[in-house]
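In what follows, a single structure is set out as structure tokens and then discussed.
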Amino acid sequence: MKLLFNKNLFVIVFLFSHMLAQAKNTLDIRVCDELKMFSQGIEVGESRKITFITEDGKGIFPQKFCKHSTADERGIRFCEWLSVNSSSEYMESNITRIISCITNSKNIFSKKIRINELIGKFTISDPFIEVLNIDVDFEYYFNSVSKNGRNYFSITVRGVNNSDDD
């Protein structure tokens, strides 16, 4: 009886782990799809920006919110999506998902690495085959022991003429 219980428990844990992995992969694909939609329709010389912020709830639940340009429908939509589909507790996961998307790479950090702080800024040109002539500026700050408990990332998409870069 004990062996049967352990075997059943193993199967349940295995299936649950598999479901979580599938959900993470789906979320990784969806965040990339949403970022691509956010990046579309920008002319040379124009830009669009969002900033996603998480804040320690001071003993209550952590809070998350997103800033965008007031008249920007794509920014509003992306912020709404991020607010529902991003973590308020694990900003490092949010950041690494975006980095994976715009660099077209997977598993930037091993699951064995625990990230305590990420601070940086970089620009990548034409990260998506579907959307050309854009630069994406990505700025991020995450500190697990931040005194004010505030972490963020900002994405700015700028319309540029990258055809001269070849």
Side-chain angles (χ1 to χ4, degrees), residues 18-55 62-144 146 149-166:
H18 182 70
M19 287 172 30
L20 285 177
Q22 290 296 96
K24 181 194 175 303
N25 290 339
T26 300
L27 187 57
D28 290 350
I29 292 167
R30 295 236 4 248
V31 74
C32 216
D33 289 344
E34 293 293 329
L35 182 51
K36 288 174 189 175
M37 287 192 307
F38 172 71
S39 301
Q40 293 174 345
I42 297 177
E43 299 295 325
V44 173
E46 295 179 348
S47 68
R48 180 178 294 138
K49 179 179 181 176
I50 62 98
T51 301
F52 183 78
I53 302 163
T54 62
E55 199 170 71
Q63 300 174 2
K64 56 185 173 180
F65 49 97
C66 190
K67 296 180 182 178
H68 53 80
S69 302
T70 52
D72 179 25
E73 286 187 38
R74 290 185 192 264
I76 293 167
R77 178 174 157 43
F78 191 36
C79 273
E80 287 172 352
W81 187 88
L82 285 169
S83 294
V84 172
N85 294 284
S86 297
S87 174
S88 52
E89 295 93 351
Y90 301 106
M91 180 55 98
E92 69 276 21
S93 295
N94 300 329
I95 291 169
T96 55
R97 264 190 203 104
I98 299 291
I99 292 173
S100 292
C101 173
I102 59 180
T103 61
N104 197 24
S105 58
K106 292 187 179 194
N107 300 325
I108 291 179
F109 299 107
S110 163
K111 290 182 180 183
K112 295 179 182 179
I113 296 174
R114 185 163 73 198
I115 301 166
N116 296 317
E117 183 176 47
L118 280 173
I119 302 170
K121 181 177 183 178
F122 64 87
T123 300
I124 188 163
S125 296
D126 291 335
F128 313 120
I129 295 171
E130 305 88 345
V131 186
L132 297 177
N133 291 319
I134 62 168
D135 282 351
V136 176
D137 301 325
F138 187 55
E139 181 177 353
Y140 49 94
Y141 176 84
F142 162 74
N143 187 327
S144 63
S146 171
R150 183 175 264 207
N151 297 292
Y152 73 90
F153 65 78
S154 291
I155 301 170
T156 305
V157 180
R158 296 178 289 115
V160 296
N161 187 356
N162 285 333
S163 60
D164 296 337
D165 291 346
D166 296 330

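Heavy-atom basis, side chains included; hydrogens, waters and symmetry copies ignored.
Taking OG from Ser47 and CG from Asp135, the interatomic distance works out to 11.5 Å, rounded to the nearest 0.5 Å. To the nearest 0.5 Å, atoms CZ (Arg74) and CD1 (Ile50) are separated by 14.5 Å. To the nearest 0.5 Å, atoms CD (Glu46) and CG (Asp72) are separated by 10.0 Å. Annotation: the span from Glu34 atom CD to Cys79 atom SG amounts to 11.5 Å, rounded to 0.5 Å. Put simply, CG on Asn143 and CZ on Arg150 are 14.5 Å apart, with the number rounded to the nearest 0.5 Å. Atoms CD1 and CG, on Ile134 and Asn161 in that order, are 13.5 Å from each other to the nearest 0.5 Å.
For Ile119, the side-chain contact (heavy atoms from CB on, under 4.5 Å) partners two or more places apart in sequence, or in a different chain, are Glu117, Tyr141.
In terms of modelled atom types and a separation under 3.5 Å, the side chain of Asn94 and the main chain of Ser87 share a donor-acceptor contact. Listed for the Asn151 side chain is no donor-acceptor partner under 3.5 Å among the backbone atoms of Glu55. Counting only distance, with no hydrogens or angles, the side chain of Ser86 and the backbone of Ser83 share no donor-acceptor pair below 3.5 Å.
Taking 4.0 Å as the cut-off between side-chain N and carboxylate O, Asp137 and Arg158 count as a salt-bridged pair.
Taking 4.5 Å as the limit, some side-chain heavy atom of Ile102 sits within range of a side-chain heavy atom of Phe138. Between Trp81 and Met37 there is no side-chain heavy-atom pair separated by less than 4.5 Å. Between Ile155 and Phe78, the closest side-chain pair of non-hydrogen atoms falls below 4.5 Å. Within the 4.5 Å cutoff, the side chain of Leu82 has no heavy atoms near those of the Val84 side chain. In this structure the side chain of Leu35 never reaches within 4.5 angstrom of the side chain of Asp33, judged on heavy atoms. Residues Ile98 and Val31 meet the side-chain proximity criterion, which asks for heavy atoms closer than 4.5 Å.
Both tests pass for Arg48 against the ring of Phe38: distance under 6.0 Å to the centre and angle within 45° of the axis.
Residue Lys36 places its NZ atom among more than 12 non-hydrogen atoms of other residues, nucleotides or ligands, all under 6.0 Å distant. No more than 12 heavy-atom neighbours from other residues, nucleotides or ligands sit within 6.0 angstrom of CD on Glu73.
Scanning both residues, Pro127 and Val136, for their nearest heavy atoms gives CG-CG2, 3.7 Å. Scanning all heavy atoms of the two residues, the minimum distance from Ser88 to Lys64 falls at CB-CD, 3.9 Å. Of all the heavy atoms in Asn133 and Asn162, the pair that sits closest is OD1-N, 3.0 Å. Pairing each heavy atom of Gly159 with each of Ile42, the nearest pair is N-CG2, 3.4 Å. For Ile95 against Leu118, the heavy-atom pair with the smallest separation is CG2-CD1, 4.0 Å. Closest approach of Phe128 and Cys32 over heavy atoms only: CE2-SG, 4.2 Å.
Each of Phe142, Tyr140, Phe122, Phe52 was compared with Phe153 under the ring pair (Phe, Tyr, Trp, His ring centres under 6.0 Å) criterion, and only Phe52 meets it.
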